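The shown structure was predicted, so the numbers you read here are calculated from the model rather than taken from an experiment. We use all heavy atoms of the structure for the numbers below, so side chains are in, but hydrogens, waters and symmetry mates are not.
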Amino acid sequence: QVQLMESGGGSVQAGGSLRLSCLASGSTYNSRFCMGWFRQVPGAKREKVAFIDRDGSTIYEDSVKGRFTISKDNAKNALYLQMNSLKPEDSAMYYCWADPFECRIGLAHINTSTAYNFWGQGTQVTVSS
């Protein structure tokens, strides 16, 4: 199994920055996992934000491209999301996510095989206008 713990959420003003961190642990986890971030607001569906693959390639939701940067520190089993130029619409609970396969397959597991998905408990991001 894999345990994920997020940190770094908080309240910021529009235009500000915030960096989220996720620490992965557990004997099952390794650096070949696809890792990334989802976010969800009350009453809305959970949405994809950003992901990073085992080869370092990244995937971003269009609305965050150019503003958010996802990165990994494999030595620390850590995942980061640097969020710049934050907007009120970025306000959400942000969840760290991991899947043992490459992202092409791992992201498909969201719809096809949830048994492979690992989730953090979430960290709240609130952006004031």
To which residues is Phe101 joined in a hydrophobic cluster, defined by side-chain heavy-atom contacts under 4.5 Å among Ile, Leu, Val, Met, Phe, Trp and Tyr, whether direct or through other members?
Ile105, Tyr116
Side chain proximity check, Leu18 to Phe68, heavy atoms < 4.5 angstrom:
no
Is it the case that Arg46 places NZ or CZ above or below the six-membered ring of Trp119, under 6.0 angstrom from the centre and within 45 degrees of the axis?
yes
Identify the heavy atoms of Val41 and Ala92 that sit nearest to each other, and give their distance.
CG1-CB, 3.5 Å
Please report the shortest heavy-atom distance between Ala14 and Ser129, naming the atom on each side.
CB-CA, 4.3 Å
Determine whether Arg39 and Glu47 satisfy the following criterion, salt bridge (charged side-chain N to carboxylate O under 4.0 Å, His left out), listing intermediate values before the conclusion.
CA-CA 5 Å; Arg39 65 187 181 188; Glu47 66 175 352; 2.5 Å; yes
Looking only at atom types and distance, does a side-chain atom of Glu102 sit under 3.5 Å from a main-chain N or O of Gly106, one as donor and one as acceptor?
no
Check: Tyr29 and Pro100 side chains under 4.5 Å, non-hydrogen atoms:
no
Side chains of Thr123 and Ser7 in contact at under 4.5 Å (non-hydrogen atoms):
no
Taking the side chain as every heavy atom from C-beta outward, state whether Arg54 and Phe33 have any atom pair closer than 4.5 Å.
no
Please round to the nearest 0.5 Å and tell me the distance separating atom SG of Cys103 and atom CD1 of Ile59.
5.0 Å
Give, for atom OG1 of Thr69 and atom CE of Met83, the distance between the pair rounded to the nearest 0.5 Å.
11.0 Å
Using the side-chain contact (heavy atoms from CB on, under 4.5 Å) rule, take Phe51 and Tyr60 through it: C-alpha gap first, then chi angles, then the decisive distance, then the call.
CA-CA 7 Å; Phe51 303 89; Tyr60 293 97; over 6 Å; no
How many angstroms lie between atom NZ of Lys48 and atom CG of Leu107, to the nearest 0.5 angstrom?
5.0 Å
Could you go through the ring pair (Phe, Tyr, Trp, His ring centres under 6.0 Å) check for Trp37 and Tyr94 one step at a time?
CA-CA 7 Å; Trp37 298 89; Tyr94 283 71; 7.2 Å; no
Tell me, which pairs form a disulfide bond (SG atoms under 2.5 Å apart) where one or both residues lie in residues 57-100, sequence neighbours left out?
Cys22-Cys96
Is any side-chain heavy atom of Asp53 closer than 4.5 Å to a side-chain heavy atom of Thr58?
no
Val64 and Leu81: same hydrophobic cluster, using ILVMFWY side-chain contacts below 4.5 Å?
yes
Is there a donor-acceptor pair closer than 3.5 Å between any side-chain N or O of Ser17 and the backbone N or O of Asn84?
no
Is there a path of hydrophobic side-chain contacts, each under 4.5 Å between heavy atoms, that joins Leu86 and Tyr95?
no
Which value, rounded to the nearest 0.5 Å, describes the distance between Thr126 atom OG1 and Met93 atom CE?
8.5 Å
Beyond-backbone contact of Trp97 with Leu79, side-chain heavy atoms, under 4.5 angstrom:
no
Considering only residues two or more places apart or on different chains, which pairs with a residue in residues 67-88 satisfy salt bridge (charged side-chain N to carboxylate O under 4.0 Å, His left out)?
Arg67-Asp90
Do Arg19's NZ or CZ and the ring of Tyr80 fall within the cation-pi criteria of under 6.0 Å and 45°?
yes
Between Asp99 and His109, do the side chains contain a donor N or O and an acceptor N or O under 3.5 Å apart?
yes
Please check: side-chain N/O of Glu6 versus main-chain N/O of Gln121, any donor-acceptor pairing under 3.5 Å?
yes
A side-chain contact here means heavy atoms from C-beta on lying under 4.5 Å apart; do Met35 and Leu4 qualify?
yes
